Amino acid sequence: MSRRLARSFFDRPALVVARALLGQRLVHVRNGRRLAGLITETEAYLGEADLASHARPGRTSRNAVMYGPPGFAYVYFTYGMHWCLNIVTEGEGTPTAVLLRAIAPVEGAATMRRLRSNSNRRGGPPPEKHLTDGPAKLTQALGIDGRFNGRDLCAPEARLFVERAGLPRGARVTAGPRVGLNHTPEPWRSQRWNFRLLADGR
DNA sequence: AGCACGATGCTCT
DNA sequence: GAGCATCGTGCTT
């Protein structure tokens, strides 16, 4: 039996999915090899009324995937050089999604270091602590870019998907404000829709 | 640990 | 043309 999360997992409110994704395993089978990490930070974006969401202006060519069915990847390009990965949640026509902001490497860490090694001036890999601790860092480490936009993570042949994994022992979850919303009006700016999985004893 | 800054190109006004 | 769901560097606490 497969440990892959089914579409029904994502066919729930984005806030529920964002919390439920913590501790699950994000997997990309790249060139026949598994690159995988434990999801440690997520963020929920709640549709057109959420003034921090890319769905705010209504349906455009950029955000169209968010209007489709749940379980699909919404991958966007930002700041001239970075890709970020979301998973669409809830039913068709409801443009909600969860941004994956950080993972902890569990499989293929050597490949992740190589994929990240052109990110600094020295050309060497970044320190372990900063390998996959940001939304654009994890996409770079997993080899995810704009070609993945609109892919179905729940299809049987999917090479990008999420596997069910038990929460680490002693894991704690915290909720805080979403990151990087410097110009977003209240109350959206301060809503605690960012979720983090903390290692024990934090 | 926490700022300020520049890189770089797409999206929507 | 303004702003951006960011990152790495370099500097200050």
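Computed from a predicted structure; not experimentally measured. So that the names make sense, note that chain A is the first sequence line, chain B the second, and so on, each numbered from 1.
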Each base of DNA chain B marked ( ) or [ ] if paired in-strand (Watson-Crick or G-U under 3.5 Å), | if paired to another strand and . if unpaired gives |||||||.||||.
- Are any of the side-chain heavy atoms of Arg30(A) and Leu142(A) separated by less than 4.5 Å? no
Taken in chain and number order and not counting sequence neighbours, the residues that satisfy side chain to side chain donor-acceptor pair (under 3.5 Å) with Asp133(A) are His130(A), Lys137(A)
When rounded to whole Å, the CG to P distance for the pair Leu181(A) and dT6(C) reads 8 Å
Using nucleotides 10-13 of chain C, report all nitrogen or oxygen pairs with the protein that are shorter than 3.5 Å.
| unit_1 | atom_1 | unit_2 | atom_2 | d |
| --- | --- | --- | --- | --- |
| dG10(C) | OP1 | Arg121(A) | NH1 | 2.8 |

Residues at least two apart in sequence or cross-chain that pass side-chain contact (heavy atoms from CB on, under 4.5 Å) with Ser190(A), listed by chain then number, are Glu186(A)
Between the side chains of Glu163(A) and Arg25(A), is the shortest nitrogen-to-carboxylate-oxygen separation below 4.0 Å, so that they form an ion pair? yes
task = Identify whether a stacking contact exists between Tyr45(A) and dA5(C), where the ring centres must be under 5.5 Å apart and the planes under 30° apart.
result = yes
By salt bridge (Lys or Arg N to Asp or Glu O under 4.0 Å), Asp11(A) pairs with (sequence neighbours left out) none
Sorted by number, residues from residues 88-116 of chain A placing a heavy atom under 4.0 Å from DNA chain B are none
Across all chains, not counting sequence neighbours, the side-chain contact (heavy atoms from CB on, under 4.5 Å) partners of Phe77(A) are Trp83(A)
Taken to the nearest whole Å, CZ/Arg56(A) to P/dC4(C) is 8 Å
To the nearest angstrom, the CG-P distance between Asn182(A) and dC4(C) comes to 7 Å
### Task
Measure the distance between the ring centre of Tyr79(A) and the centre of the six-membered base ring of dC7(C), then answer whether it is under 5.5 Å with planes under 30°.
no
Thr78(A) versus Pro135(A): any side-chain heavy-atom pair under 4.5 Å? no
When rounded to whole Å, the CG to P distance for the pair Asn120(A) and dG8(C) reads 7 Å
All N/O donor-acceptor pairs, side-chain side in residues 64-73 of chain A, below 3.5 Å, sequence neighbours left out:
| unit_1 | atom_1 | unit_2 | atom_2 | d |
| --- | --- | --- | --- | --- |
| Tyr67(A) | OH | Glu48(A) | OE2 | 2.5 |
| Tyr67(A) | OH | Arg59(A) | N | 3.1 |

- Just call it for Thr184(A): base, sugar-phosphate, or nothing, with non-hydrogen atoms closer than 4.0 Å on any strand. nothing
Sorted by chain and residue number, the ring-ring contact (aromatic ring centres under 6.0 Å, His included) partners of His28(A) (sequence neighbours excluded) come out as Phe148(A)
For nucleotides 10-13 of chain B, print each protein N/O atom paired with a nucleotide N/O atom at under 3.5 Å, atom names and distance only.
| unit_1 | atom_1 | unit_2 | atom_2 | d |
| --- | --- | --- | --- | --- |
| dC12(B) | OP1 | Thr60(A) | OG1 | 2.4 |

Distance below 4.0 Å between Ser119(A) side-chain N/O and dC7(C) OP1 or OP2: no
Here the distance between atom P of dG9(B) and atom CG of Asp145(A), to the nearest Å, is 16 Å
Quick note, side chain to side chain donor-acceptor pair (under 3.5 Å) partners involving residues 138-151 of chain A, not counting sequence neighbours, are Arg116(A)-Gln140(A), Asp145(A)-Arg147(A)
Taken in chain and number order and not counting sequence neighbours, the residues that satisfy salt bridge (Lys or Arg N to Asp or Glu O under 4.0 Å) with Arg101(A) are Glu41(A), Glu43(A)
* To do: Classify the nucleic acid contact of Ala136(A) as base, sugar-phosphate or nothing, counting any heavy atom under 4.0 Å across all strands shown.
  => sugar-phosphate
Leu51(A) CG to dG3(C) C1', in whole Å, measures 15 Å
